[in-house]
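Nothing here was measured: the structure is a model prediction, and the numbers come from that model. Positions are given from 1 along the sequence.
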Amino acid sequence: MTVQDRRERERELRRQAILDAAGRVFFRSGPGATMDEIAAEAEVAKGTLYLYFPSKEDVYLTLLVKALDALHAEFAESARTASDPLSQIHAIGDCFVRFSESSPGQFRLLHESSYPFVHANASPAILGDVHSRSTNIWELITRILQRGIDEGLFRDDLSAFEMAIILWTNTSGLLRLIDARRTSTIWQKRGGAYSLAALDLRALIDVANSMLVRSLLRGGPPIG
């Protein structure tokens, strides 16, 4: 190994250590966490962070890119285990639920990244990376739905991309509710006819997804 190779390796290891520390901080404190908190967690000087990332937003969105890559890989693997478009969509939905349960910090990155201030000072490069990774996920789901349309399984009065948005927002919204109940004492309180704490939200997701998917099958009433 040359001196240059060793330096590059050391730089990458330091960068990864900073990201690991930032992940712990953001998962604990949300996107409002500061570079001071990240530096303290990483046990480096604040100025060192800027040798690797131009802004806090770039640190946050780099973690988001990793989360999107992980989610895409899990979606693709789940889709490969099913033979037909309907089974693939159900498999991806189940995978999304498992992802939210096994990687709650990364799941929060997905929805907290929509806050405008997260992008305020982000570099064009990292914004481009986020866009390309998000596109990978949309393309995967849309291709499956389009295959279902082409094979006469799904209705054709909606585009495959519109179907993908409907399925994603439904599942994501319910998963955010589950996550909020897990982390907020407000949603953990029991009692009363409308207590979320008493609901089996995991079962509710299964029912909601089944209802939605059935509504997209060919033969349902036209929409709009």
Side-chain angles (χ1 to χ4, degrees), residues 7-75 95-138 168-189 196-197 201-202 205:
R7 286 175 178 170
E8 287 296 325
R9 182 173 179 273
E10 290 172 352
R11 177 177 174 80
E12 182 55 34
L13 288 174
R14 174 60 66 86
R15 182 177 184 275
Q16 187 56 54
I18 290 171
L19 283 174
D20 290 343
R24 293 191 294 273
V25 171
F26 284 128
F27 297 166
R28 183 171 63 237
S29 304
T34 66
M35 287 293 254
D36 289 303
E37 292 175 85
I38 296 170
E41 183 75 21
E43 299 181 340
V44 298
K46 182 178 176 180
T48 300
L49 301 181
Y50 291 101
L51 298 177
Y52 295 86
F53 300 96
S55 68
K56 182 191 79 170
E57 290 78 9
D58 276 60
V59 181
Y60 186 90
L61 294 177
T62 298
L63 290 168
L64 174 62
V65 165
K66 289 180 174 294
L68 290 169
D69 283 342
L71 187 59
H72 178 264
E74 293 186 26
F75 278 2
C95 177
F96 198 11
V97 174
R98 291 194 303 273
F99 181 83
S100 73
E101 293 171 341
S102 63
S103 305
Q106 288 188 312
F107 172 74
R108 287 176 203 132
L109 288 173
L110 299 179
H111 63 80
E112 290 175 348
S113 64
S114 62
Y115 300 156
F117 71 86
V118 170
H119 316 132
N121 299 306
S123 68
I126 192 62
L127 289 174
D129 287 343
V130 171
H131 177 73
S132 67
R133 293 337 197 273
S134 299
T135 297
N136 289 340
I137 291 176
W138 286 119
W168 175 275
T169 52
N170 175 74
T171 304
S172 181
L174 286 170
L175 288 176
R176 288 177 66 178
L177 188 60
I178 289 176
D179 189 57
R181 190 176 70 175
R182 184 165 51 228
T183 58
S184 172
T185 55
I186 294 175
W187 302 115
Q188 293 166 3
K189 293 187 176 182
L196 291 179
L201 292 176
R202 182 63 169 79
I205 284 181

Identify the two heavy atoms, one from [X] and one from [Y], that lie closest to each other, and give their separation to 0.1 Å.
X: Val59; Y: Ile38; answer: CG1-CD1, 4.4 Å
X: Glu37; Y: Ser29; answer: OE1-OG, 3.8 Å
X: Arg28; Y: Glu41; answer: NH2-OE1, 3.3 Å
X: Tyr60; Y: Ser113; answer: OH-N, 3.9 Å
X: Tyr50; Y: Ser55; answer: CE2-CA, 4.3 Å

Does Glu74 reach the main-chain N or O of Leu71 with its side chain, forming a donor-acceptor pair under 3.5 Å? no

Short side-chain to backbone donor-acceptor contact, His119 and Ser114, under 3.5 Å: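 Absent.
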
Run the numbers on Ser134 and Ile137 for side chain to side chain contact (heavy atoms under 4.5 Å, CB included), then give the verdict. CA-CA 5 Å; Ser134 299; Ile137 291 176; 6.0 Å; no

Approximate separation, where rounding is to 0.5 Å, of [X] [atom1] and [Y] [atom2]:
X: Arg24; Y: Leu63; atom1: CZ; atom2: CG; answer: 11.0 Å
X: Leu49; Y: Asp58; atom1: CG; atom2: CG; answer: 12.0 Å
X: Ser123; Y: Asp129; atom1: OG; atom2: CG; answer: 8.0 Å
X: Phe75; Y: Phe99; atom1: CZ; atom2: CZ; answer: 8.0 Å
X: Ile18; Y: Met35; atom1: CD1; atom2: CE; answer: 8.5 Å
X: Glu101; Y: Ile178; atom1: CD; atom2: CD1; answer: 7.0 Å

Can you tell if the side chain of [X] reaches within under 4.5 Å of the side chain of [Y], non-hydrogen atoms only?
X: Leu110; Y: Leu68; value: yes
X: Tyr52; Y: Arg11; value: yes
X: Asn121; Y: Lys56; value: no
X: Asp179; Y: His111; value: yes
X: Glu112; Y: Phe26; value: no
X: Leu64; Y: Leu61; value: yes
X: Arg15; Y: Phe53; value: yes
X: Arg133; Y: Asn136; value: yes

Row check, Phe27 ring normal vs Arg108 NZ/CZ: under 6.0 Å, within 45°: no

Side chain to side chain contact (heavy atoms under 4.5 Å, CB included) for Leu51 and Arg14? Distances and angles first, verdict last. CA-CA 11 Å; Leu51 298 177; Arg14 174 60 66 86; over 6 Å; no

Take Ser172 and Phe96, measure what side chain to side chain contact (heavy atoms under 4.5 Å, CB included) needs, and give me the verdict at the end. CA-CA 8 Å; Ser172 181; Phe96 198 11; 4.1 Å; yes

Can you establish whether the number of heavy atoms outside Arg9 located under 6.0 Å from its atom CZ is more than 12? no

